[in-house]
Amino acid sequence: MIYVFQDETKLPAGWLAKVAALQDALDQLDTTAKRKAYIDSKGAIWGEVKDALLQMSHNKCWYSEAPDAVSDWHVDHFRPKLRALDEDRTAHDGYPWLAFDWKNYRIAGSYPNSPHTDGHGTTRGKWDYFPLSAGSIRATWDQRSTANETVLLLDPASKTDPKLMTFDEEGLPIPVDPTNAIVKRRVETTVHFLYLDSPRLVSARKKKWREISDLIEEYRLACPDTYEACTLQDHQRVERLIGKLSAAAGPRAAYASTARACLRANGLAQFIEAVEEAAAA
């Protein structure tokens with residue numbers, strides 16, 4: 001997971017005015033059943049921005065960074081629109097007032113977003129789950145502020161959340177600081193509910209790590225040990241390899257966060273260009 005800048009300029013012309021009208025109509029409805037029926041009847045509206053949302057993440061799942069390992073794209077409502085489940089499956093009414101708010105949308109592959117059974121028979125996938133920390137006050141239709149919610153799931157639309165999770169050489173997601181109880185809990189919760197340790201994702205990340213490791217080895221052997229022995233071709237080779245390493249860890253690359261983890265593990269964090277953050281500056 002890396003930060004995804006929510007770029008309003010990529011939305012289709014006229015779409016914001018269209019959803020503003022839908023929101024006005026939704027706000028006039030006086031029962032949960034009426035609101036649910038209305039939202040269900042307008043479900044095509046978020047499909048109209050799927051391509052724009054994919055452009056924002058360079059055609060990758062916002063949660064897993066997979067371009068093809070989870071290729072059935074969904075427009076996920078980060079805060080579920082009609083029902084929100086706690087970790088123990090306690091059901092709440094959800095966040096219907098955010099159904100037409102594009103800032104609540106995330107592009108998700110089928111594995112992170114839909115129920116799947118893992119190798120232990122446990123159902124995984126975000127689905128309607130939106131667990132909060134104990135003591136949080138969940139927002140409601142009448143009290144819509146989310147300021148008192150402490151969300152456990154990491155959010156790719158947050159600049160800080162993706163930095164809490166990293167990956168090891170086996171492709172497994174791990175907390176960046178396992179000694180911090182909050183970081184550890186949020187990463188573990190996210191991995192569980194988004195199924196970020198699914199075998200297909202772990203395998204793809206492990207392959208990415210090997211590719212970056214090979215590039216790093218090539219970079220370290222790219223020139224002689226002494227500068228006096230270096231040639232113009234050596235200069236060009238080093239520059240080319242640094243460019244390849246930076247691109248492999250850039251926001252357009254699949255599993256960029258895995259590439260970044262590998263670069264950090266090899267003392268080459270200076271080659272990481274997190275240009276996606278500059279877009280939001």
Enquirer: Would you say Ile174 and Val176 are hydrophobically clustered, going by side-chain heavy atoms of ILVMFWY under 4.5 Å?
Expert: no
Enquirer: For the residue pair Ala256 and Glu65, what are the closest heavy atoms and their distance?
Expert: N-OE1, 2.9 Å
Enquirer: How far apart are the closest heavy atoms of Arg124 and Val191, and which atoms are they?
Expert: NH2-O, 3.3 Å
Enquirer: Flag yes if more than 12 heavy atoms outside Gln23 fall under 6.0 Å of its CD atom; otherwise flag no.
Expert: yes
Enquirer: Is the shortest side-chain N to carboxylate O distance from Glu48 to Lys18 below 4.0 Å?
Expert: yes
Enquirer: Can the ring centres of Tyr255 and Phe167 be said to be less than 6.0 Å apart?
Expert: no
Enquirer: Is there a continuous path of hydrophobic side-chain contacts, each under 4.5 Å between heavy atoms, that joins Ile182 to Phe193?
Expert: no
Enquirer: Between the main-chain N or O of Leu153 and the side-chain N or O of Lys126, is there a donor-acceptor pair closer than 3.5 Å?
Expert: no
Enquirer: Quick one: do Arg79 and Glu149 satisfy salt bridge (charged side-chain N to carboxylate O under 4.0 Å, His left out)? Show the steps, please.
Expert: CA-CA 11 Å; Arg79 283 180 163 83; Glu149 293 189 341; 2.9 Å; yes
Enquirer: Calculate, to the nearest 0.5 Å, the distance between atoms NE2 and CG belonging to His92 and Leu82 respectively.
Expert: 15.0 Å
Enquirer: I want to check something: taking the side chain as every heavy atom from C-beta on, are Thr150 and Arg186 in contact at a cut-off of under 4.5 Å?
Expert: no
Enquirer: Only one of Tyr129, Tyr111, Trp127 forms a ring-ring contact (aromatic ring centres under 6.0 Å, His included) with Tyr195, so which one is it?
Expert: Tyr111
Enquirer: Side-chain contact test, heavy atoms from C-beta onward, threshold under 4.5 Å: evaluate it for Glu8 versus Leu16 and give yes or no.
Expert: yes
Enquirer: Out of curiosity, Arg35 CZ to Lys81 NZ, how far, rounded to the nearest 0.5 Å?
Expert: 15.5 Å
Enquirer: What residues form a side-chain hydrogen bond (donor to acceptor under 3.5 Å, both in side chains) with Thr179, not counting sequence neighbours?
Expert: Asp177
Enquirer: Do Asp142 and Thr140 pass the side chain to side chain donor-acceptor pair (under 3.5 Å) test, and can you show the C-alpha distance, the side-chain angles, and the key distance before you say yes or no?
Expert: CA-CA 5 Å; Asp142 295 322; Thr140 66; 5.4 Å; no
Enquirer: What orientation do Tyr38 and Phe100 show, parallel under 30°, tilted 30 to 60°, or perpendicular over 60°?
Expert: perpendicular
Enquirer: Nearest heavy-atom pair of Val75 and Leu53: which atoms, and what distance?
Expert: CG1-CD1, 3.9 Å
Enquirer: Looking at Val4 and Met56, what are the two nearest heavy atoms and their distance?
Expert: CG1-O, 3.7 Å
Enquirer: Give a yes-or-no answer on whether the side chains of Trp209 and Thr258 include a donor-acceptor pair shorter than 3.5 Å.
Expert: no
Enquirer: Which is it for Arg260 and Lys163 under the side-chain contact (heavy atoms from CB on, under 4.5 Å) test, yes or no, and what are the steps along the way?
Expert: CA-CA 11 Å; Arg260 295 175 186 185; Lys163 296 177 181 178; over 6 Å; no
Enquirer: Can you confirm whether more than 12 heavy atoms, excluding those of Arg252, are under 6.0 Å from its CZ atom?
Expert: no
Enquirer: Roughly how far apart are Glu218 CD and Leu245 CG, rounded to 0.5 Å?
Expert: 9.0 Å
Enquirer: How long is the span from the CD atom in Gln55 to the CD1 atom in Ile107, to the nearest 0.5 Å?
Expert: 10.5 Å
Enquirer: Without swapping roles, check the side chain of Thr190 against the backbone of Leu154 for a donor-acceptor pair under 3.5 Å.
Expert: yes
Enquirer: side-chain contact (heavy atoms from CB on, under 4.5 Å), that's the test. Do Asn266 and Arg220 meet it? Break it down for me.
Expert: CA-CA 11 Å; Asn266 284 276; Arg220 286 178 168 155; 3.6 Å; yes
Enquirer: Counting only heavy atoms not in Asp225 (residues, nucleotides, ligands), do more than 12 fall under 6.0 Å from its CG?
Expert: no
Enquirer: Verify side chain to side chain donor-acceptor pair (under 3.5 Å) between Tyr63 and Asp76, making sure each step is shown before the conclusion.
Expert: CA-CA 10 Å; Tyr63 297 121; Asp76 173 51; 2.5 Å; yes
Enquirer: Can a salt bridge be assigned to the pair Arg144 and Asp27 using a cut-off of 4.0 Å between side-chain N and carboxylate O?
Expert: yes
Enquirer: Less than 4.5 Å apart, any side-chain heavy atom of Ile216 and any of Leu268?
Expert: yes
Enquirer: Using distance alone, with no hydrogens and no angle criterion, decide if Asn113 and His74 have a side-chain donor and acceptor under 3.5 Å apart.
Expert: yes
Enquirer: Salt-bridged, Lys208 to Glu170, with N to O below 4.0 Å?
Expert: no
Enquirer: What orientation do Trp46 and His77 show, parallel under 30°, tilted 30 to 60°, or perpendicular over 60°?
Expert: perpendicular
Enquirer: According to a 4.5 Å side-chain heavy-atom criterion applied to Ile, Leu, Val, Met, Phe, Trp and Tyr, with indirect links allowed, do Leu152 and Val187 form part of one hydrophobic cluster?
Expert: no
Enquirer: With a 4.5 Å limit on heavy-atom distance, are the side chains of Val151 and Asp155 in contact?
Expert: no
Enquirer: Identify, with sequence neighbours excluded, every residue that meets ring pair (Phe, Tyr, Trp, His ring centres under 6.0 Å) alongside Trp97.
Expert: Tyr95
Enquirer: Would Gln236 and Glu239 count as a side-chain contact (heavy atoms from CB on, under 4.5 Å) if you check the C-alpha gap in whole Å, the side-chain angles of each, and the deciding distance to 0.1 Å?
Expert: CA-CA 5 Å; Gln236 294 172 338; Glu239 185 175 352; 5.7 Å; no
Enquirer: Under a single-linkage definition using a 4.5 Å side-chain heavy-atom cutoff for Ile, Leu, Val, Met, Phe, Trp and Tyr, are Leu201 and Leu172 assigned to the same hydrophobic cluster?
Expert: no
Enquirer: When rounded to the nearest 0.5 angstrom, what distance separates CZ in Phe271 from CD1 in Ile212?
Expert: 12.5 Å
Enquirer: With distance as the sole test, does Ser136 use its side chain to make a donor-acceptor pair with the main-chain N or O of Ser133 at under 3.5 Å?
Expert: yes
Enquirer: Would you compute the distance between atom CE of Met1 and atom OG of Ser158 and round it to the nearest 0.5 angstrom?
Expert: 9.5 Å
Enquirer: Are a donor atom and an acceptor atom from the side chains of Tyr219 and Arg237 found within less than 3.5 Å of each other?
Expert: no
Enquirer: Got more than 12 heavy atoms from elsewhere within 6.0 Å of CD, Gln270?
Expert: yes
Enquirer: Side chains of Asp51 and Lys10, heavy atoms from C-beta outward: is any pair under 4.5 Å?
Expert: no
Enquirer: Sub-3.5 Å donor-acceptor pair from the side chain of Asp86 to the main-chain atoms of Asp88, do we have one?
Expert: no
Enquirer: How about Lys36 and Arg83: do any of their side-chain heavy atoms sit closer than 4.5 Å?
Expert: no
Enquirer: Trp15 and Leu54: same hydrophobic cluster, using ILVMFWY side-chain contacts below 4.5 Å?
Expert: yes
Enquirer: Using the rule given for side-chain contact (heavy atoms from CB on, under 4.5 Å), can you reason through Gln6 versus Lys103, listing the C-alpha separation, both sets of side-chain angles and the distance that settles it, and then say yes or no?
Expert: CA-CA 7 Å; Gln6 294 175 296; Lys103 288 278 191 169; 3.5 Å; yes
Enquirer: Which atom names give the shortest non-hydrogen contact between Pro251 and Ile2, and what distance separates them?
Expert: CA-CD1, 3.7 Å
Enquirer: So, do Lys42 and Leu26 sit near enough that their side-chain heavy atoms are less than 4.5 Å apart?
Expert: no
Enquirer: Minimum heavy-atom separation for Lys34 to Leu29, with atom names?
Expert: O-CD1, 3.6 Å
Enquirer: Within the structure provided, determine whether Thr189 and Pro131 are in side-chain contact (heavy-atom separation under 4.5 Å).
Expert: yes
Enquirer: Can you check whether Ala253's main-chain N or O pairs, donor with acceptor, with Lys60's side chain at less than 3.5 Å?
Expert: yes
Enquirer: For the pair Asp234 (side chain) and Thr231 (backbone), establish whether a donor and an acceptor sit closer than 3.5 Å, ignoring hydrogens and angles.
Expert: yes
Enquirer: Checking Asn180 side chain against Val183 main chain: does a donor-acceptor pair fall under 3.5 Å?
Expert: yes
